[in-house]
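The next block holds one structure in the form of C-alpha cells; read it before the comments.
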Amino acid sequence: MATAKRITKMPKMSNPEKSDKFAIGVSAEHYWLITGLAQGKNSNRTRMLEQIIDHYIKCTFAGEKA
C-alpha cells in the first residue's frame, strides 16, 4: 500500500503583519516573497530560501579571488 503524500497548506496572507518573526528567520516582507516563490515552484519555503542563498553566493563570490 502506497503512503499518501502529505499536503502542506500554504499560509494565507490575510494578515501579514500579524507577526514579525517566522520559523525561517526572515522579515515579514521576505517571508511572503519566499512563500510566494515556493508556492509558484511547488516547493517548500526552506528549500526556496536555500536556493536564493546559493544563487546569491554564486553571483556575489564567483568573480572574487582569494
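Small disclaimer: the values here were computed from a predicted structure and weren't measured.
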Exercise. What is the minimum heavy-atom distance between I34 and M48, and which atoms define it?
Worked result: O-CG, 3.9 Å
Seminar exercise, completed: d(L37 CG, Q51 CD) to nearest 0.5 Å is 9.5 Å
Problem set entry | Interatomic distance, L49 atom CG to T35 atom OG1 [nearest 0.5 angstrom] | 10.5 Å
Problem set entry | In one Ile/Leu/Val/Met/Phe/Trp/Tyr side-chain cluster, 4.5 Å: L33, Y56 | no
Problem set entry | Nearest-0.5 Å distance that lies between atom CD in Q39 and atom CG in N44 | 12.5 Å
Exercise. At what distance, to the nearest 0.5 angstrom, does NZ of K41 lie from CZ of R47?
Worked result: 12.0 Å
